[in-house]
Peer 1: 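First the structure, which I've put down as structure tokens, then a few questions once you've had a look.
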Amino acid sequence: MKKIVLTILVALVLFTIPNVTVYAGEGEPAPTYTISADDELIRTNEAYRTNQYKSDLGLSNPVDLYFDMNDDLYIVDQDYEDSDLDLSGRIVIYDIESETISKVLTHESLVSPAGVYVDEELNIYVADPGASAILKFNSDFDLIQTISKPDSIAYDLDNFKPTKVAVDQTGNIFCLVEGGYGGIMQISKDGNFIGYFASNSVVFTNAELVRKFFYDLIGREFIVVKTPPPFSNLYVNDESIVYSTTASSSTEGRIKKHNTKGLDTLDNTQSDEQLTDIYVDQNGIIYTSGALGNISVYSRYGEFIFTFGAGESLDGDIVGVYSNLVSLAVSSTGEIFTIDNEKSYLLSYQKTEYAHLIYEGLRLFDEGDYVGSADKWEEVLVHNQMSKIAYDQLGKTFMFRQEYEEAMEYFKLSKNREFYSQAYWEVRNVQIQDGIPTLFTLLLAFIVIRIGLKITNKKTNAVINLWNKFKNLFKHKHFKEIFYAFKVMRHPSDGFYQIRKGRINGFIAPTFFMLLGFIAYVWNTTSKGFLFQLTDIEDINILALTLGYFTLFGGFVVVNYLVTSITDGIGGLKKIYISTAYAIVPYIFALVLSTIFTHVASLDETFFVTFTVFIGVLWSGLLLFLGSTLIQNYDGRVTFKSFIFTLLLMIIMIVVVLFLQLMLTNIIEFVINVITEVIRLVF
Amino acid sequence: MSSKIKFIALFGFVLVGVVIANSNLVLSNRSTSGSPEAITYTITEPTDMTYLYENDNFTYYFRDSRDVLAIYDKRTGFTHKTGLDVDAGADIKLDCDDAVDTEDPQIIEDTCIPIEDDLNQTWTALANSLVTIEYFNDELNLKRTSSASPDYSRSSLSRISGDDHWALDIEFNRIDVDMRIHLYFNELGVEYEIKQDQITGEGVSMISDIIITPFLDAQGGKTIAFNGEEYDNTVLTDKPSNDGYILVPDGPGALLRFNDNEVDISEYHEYAYGIDLSRVSEAETMDPEYFAPKQMTLPVFGIALGNDTETAFVAYATSGAENFKVSARPSGNTTWYNFAYGAFSYNEKYFQEVNNFGDGFSTLGETPNNDVNFKIQYQFLAGDGSTDYEASYVGMAQAYRDYLVTNGLTAPGTTATDSNIPMRVDFLMADVRKDLFGYEDVVVTTLSQVETIYQSLFDNNLRNINSGLIGYTSGGVTAGGIGDSNVSGSIGGKSGMKSLLEVASEFGYDVSFQTDYINTTELQDNSLFSPAPAKHISGKYMVNQILDYQTINEYYYTRFDKAIDWLNKDVNYTNNLDMNSISIDGLSYMAYSEYERGVSRTDNINELLLAMSEIEIDINAVNPNAYLLPYVDRYLEAPIYSTHFLIETDTVPFLQLVLSDSMEMYAHYANFNVTNQDDILRMIDYNVYPSFILTNDPSYELEDTNSFLFYSTQYSFYEEEIQEVYNQVNDVLKHVEDQVWIDRTVIEEGVVRNDYTGGVSIIINYNNQTAEVVNNG
């Protein structure tokens, strides 16, 4: 998940559109992006097309949008000043059918409205920080209730400047106030302050966390005055579920869907930018508008679907490229209306067939119609074969229909390892059950063959002769030295003693283990089973692997030799090389075993995979230690000391090597540049 | 999808296709609205100005004090003025102050005439001027000085040779530049010429742009009246003005209707053939997060006044077009006027880096980058098209088309090879992705798979197909050596190619290699002795960063001589294989100067044209610039949408009207819009043919390659859709395949009628209700 966060963040902050090739959707200036299986933002079909563009509504400073149940759009025009009536601020009601303003709510109490909500009886709630009140108007625009600063001692702010308001089915009012770090205020229908419905918690930056760690270490109290990030907007749907956006510095937790206790249920949905507004349609699809001009759409569970729009055009004013996107609202037909505060225009988007397919796929899945949903997602895939959500949802439809093999296929394409593992567990379970008779048959066959061979051997000695011939093959010095590794593993004292005495002194076997170790290391890094191979092969740098491995191995041997030679060690470089190579054999076995295991294990067995490697590392470490002690004729304390020195010297060596490498790269680059320039000028 | 479009009626003596789409009426600037209101305000023949010349169509007058040329159109009685022809407000105020002192009501009334709002001294000079110069001051900030600026410039008009050739000599004293602009009066209107050797003086290299007649036919304006005591700028009065629009060649063409914008909207400001990338501020460019504005491929613009049947002009650069740019400003942006002008770009400032840390300074090019004369023709249109070109964007397109045809700049009269329209089906063969040991080819289509797909297309009765093979060399799209030509063994090699060509020839299909010769990666250039990347004037390599690309993010722009050399090699290879065409990307729409090699943009274009003239096979070009039009046989990726600038109110098929019957035009790949009904109707409306890009293997194979943009290309998914889209477009457009497009009318909102020669009309109904259209023959 962390990778997703990073990718989205980097991609969105920096993402750029090539003008080399513009393939997708010629019709819209800003492309639609979705997430690929690699959790990177990739272009996809147009999800929405711009429809109504209105710059002539006479809006002065539009800040908020809301649709009532009749699909009338309420626009809060904050700083509109009526010179005749000496009024400031108004609510404009826009008819999306006729594309005209149908009514305008002005009232002497309206000072500088910032948020609006309309309930089922068409009562209009206006959050007006200028008036320091929430004003409730009936459908005839009569002011019927004014909620001012609560008297309750639980309300700890000096003033009451409500900026956003929403109301649930029972008439409970939720609102945000300026400087309200306490969170979302809940006010009863009578205007009494009930308390804070939901609060954000203080977020520490990484730097602060590091400082806190060191303060804790020296026993001092880490004092920093921090306030929780404020909520930036809220929405209450017709099921009285409260959604909110948070102006957090972290990309996590900017979108929240609160349960009745006010807790977030979206499992840290990501957003790359500060959000300005949130809206939810009747199917639970969540729409957000961002400060960078992007409109993003999420499923009811907070899964990212797609994003479109852009901000800050350097090429002039372009439709769909916002100067300041402050609010959005979605009509009952799914048309998204947005407002640009700086340019004061209203812009709407109609969903395309592509977006419709996705929403239908999600809806049918929620309704339990997995076959219908799968049909929709397959159609989505026709139009984007890299869509993570499509593969993911298809996988889920198969999983819920207990068709695990198909599910695995799709989860693999969406790289959803968690679900893949679950599906794989089921498939493997069946495979094991199916395999039991075969296993028994094989066992039986083995016993029969063994008895048969015994009988044959008794009569002719053929088997024993064959076995002896085979054994003779391994009497060769190199083979013997290779198999000597098992002795070292089982009886390290004996094993290393022989090395110290020079009885095991060939170069072939240790070099073989060093190379085998490298192969095992590369194999383990690049070829684990799907569930455990978290790094894609294209992101792996073989040069770095090679350099890393051999620098560590060779560096250890050389540096350890240098250290031991000045600390009365008696083993030479060769012996250190041999003993080190033998010592890493358990690690090699562990790598091979765990790599094989990753191909058959599900995520539930992750422990065994890591444990195998852990045992290998521990075993090899022990051998390394024992080997050094025996070869150098040290006691444990001296070996430990020499290891510490070796480690420190290795670090210095690595720094020096890196420095040299950097210098060398610069020199090479400089020489190449000079040669290229000369060639350019001459030819 | 097919059920949604019905070809429901053929009636009248003409064939009339009525296409009904189940789509909602789209009122955004993607569509074309009806004609503007008729003209309400006409300038009468300006007999108070100095008479210069007259021909059958026009009488020319000049006012020396303000450098205003007036062209009286005898056909309409309408006078076009190159400037506003007003005095500066500050001068009027001074005179008014003096008049007030006299306390004579008559003098006050005569002197204290209304003054222009939002038009200061500099802007008034610009609004009047025949020529305005934008120049860099010592701090390299842009300033303006106009020929009609009395304090800083001096100008005099004189007859040169014959009555129809005059010249205005201007001394721009602010930057010490002398310039002569020639005026040639002809039956079309007036042509201006500025010769390079007639721009002289110390300040020549400080010139940024030379703007020609910025306020010709400008409409709008507000005045401040004198209320007896003072000029009260709280009370503004609209000046008499006409309805109409500006045409700019953005995408297929866009109209900028004269609106009273309530918000400040930025202007349209684009360079013909795109900006010269080697002279922009920085050597490294980075793409924006929205699609970059569409390139202006035709050096043309125009203004129409009235209801499309009254008066208009179209202006096009006839020389020096590669330095031409068009600017159009809406009312409310700086001034209350809607105006548009053409300008010639002269010198640019750029950032000279002095070290690797990016330190440096801004400076100007040592020498002006242009070595051609600037010429621009203003052609005035009159009436409803019955006697001359219609005074609308359609008439502008026809006038410009005839100019191109007459001068051999496009070749009309394509002959259809089939009774059905053609279709473009490109194949993406391979690309590379990173692997453990460098880069690994990802082959998504082999040549034998193309054969299979051809068979399938043929079996589906698709008979008129041409294809480009993209990424056909080893290394595919991103790492494939260019100019190396050899078909990669991994897709089937030369033998596979020969086999494919046999199959294609059997089916009558055209196959070509498609290559981007300009946007290349370091993996594509393996030449040690002649490195391919071109250099910016600052001496750095020109690089375009595309940050979300998967394998390589840096794209170089190739040296033009290299790119042309590669093209020639590919042409030879194509010839050796007896192929009939070649498809060119990049080189078709990009051109820049190369200071290091001492060549200007014009030189590079000329070199390219020379190479093109020697190519005997058909040329398919992606979005080609105007200079390539005589050589292009197939226009690929023809835009059917504008950039969607807020200032744009309508999109119109200007480009398609200009090139009607000159070449086959293909739309962008239809893969990437989900059966979008509007797009299919638009292809029919804009007379462009469908195109697809296909692979045999699933597109997700391309996810880790730079071709990840092709997220949906697998043929098995598209087999039916290709037929559906083709059949819908073909059913209508096959009737006009050989015909010239002669008129386009918006009958009602969302219903468009296109008339072709041969008495064929097509009516496109974008609405979801049946439209009743009276056939008036």
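In what follows, every chain begins at residue 1, and chains take the letters A, B, ... in the order their sequences are listed. Side chains are part of it too, since the values below use all heavy atoms of this structure and drop only hydrogens, waters and symmetry mates.
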Peer 1: B/Gln714 versus chain A, heavy atoms under 4.5 Å apart: side chain, backbone, both or neither?
Peer 2: both

Peer 1: With chain B, which of A/Ile542, A/Asp317, A/Ile537 has the greatest number of heavy-atom pairs at distances under 4.5 Å?
Peer 2: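 The answer is A/Asp317.
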
Peer 1: Considering only heavy atoms, which portion of A/Leu543 lies under 4.5 Å from any heavy atom of chain B: side chain, backbone, both, or neither?
Peer 2: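 Neither; nothing under 4.5 Å.
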
Peer 1: Is the shortest side-chain heavy-atom distance between A/Asp315 and B/Thr643 below 4.5 Å?
Peer 2: no

Peer 1: Is it the side chain or the backbone of B/Leu702 that comes within 4.5 Å of chain A heavy atoms, both, or neither?
Peer 2: both

Peer 1: Taking the six-membered ring of A/Tyr48, is NZ or CZ of A/Lys351 closer than 6.0 Å to its centre and within 45° of its axis?
Peer 2: no

Peer 1: Chain A: which of B/Phe708, B/Tyr700, B/Tyr268 shares the most heavy-atom pairs with it under 4.5 Å?
Peer 2: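 Winner by heavy-atom pair count: B/Tyr700.
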
Peer 1: Mind checking whether A/Ser331 and A/Ile96 have side chains closer than 4.5 Å, heavy atoms only?
Peer 2: yes

Peer 1: Is A/Val382 in contact with chain B via its backbone, its side chain, both, or neither, using a 4.5 Å heavy-atom distance?
Peer 2: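 Both parts, backbone and side chain.
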
Peer 1: Chain B heavy atoms under 4.5 Å from A/Ser36: which part of the residue, side chain, backbone, both or neither?
Peer 2: both

Peer 1: In terms of heavy-atom proximity below 4.5 Å to chain B, should A/Phe308 be classed as side chain, backbone, both, or neither?
Peer 2: neither

Peer 1: Consider side chain to side chain contact (heavy atoms under 4.5 Å, CB included). Of B/Asn706, B/Thr285, B/Ile518, which one does B/Tyr555 pass it with?
Peer 2: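 When B/Asn706, B/Thr285, B/Ile518 are each tested with B/Tyr555, the side chain to side chain contact (heavy atoms under 4.5 Å, CB included) holds only for B/Asn706.
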
Peer 1: Distance only, no hydrogens: is a donor on one side chain within 3.5 Å (strictly under) of an acceptor on the other, for A/Thr34 and B/Tyr711?
Peer 2: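 Checked: A/Thr34/B/Tyr711 side chains show no N/O donor-acceptor pair below 3.5 Å.
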
Peer 1: For residues A/Asp95 and A/Thr100, is any side-chain donor paired with an opposing acceptor at under 3.5 Å?
Peer 2: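 The answer is no; no qualifying pair exists.
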
Peer 1: Contact part of B/Tyr718 toward chain A, heavy-atom cut-off under 4.5 Å: side chain, backbone, both or neither?
Peer 2: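 B/Tyr718 touches chain A through side-chain heavy atoms alone.
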
Peer 1: Could I get the full list of side chain to side chain donor-acceptor pair (under 3.5 Å) partners for B/Ser699, not counting sequence neighbours?
Peer 2: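 Applying side chain to side chain donor-acceptor pair (under 3.5 Å) to B/Ser699 gives A/Gln385, B/Thr713.
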
Peer 1: Tell me which of these, B/Gln295, B/Lys535, B/Glu440, has more heavy-atom pairs under 4.5 Å with chain A than the rest.
Peer 2: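 Of the candidates given, the most pairs with chain A belong to B/Lys535.
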
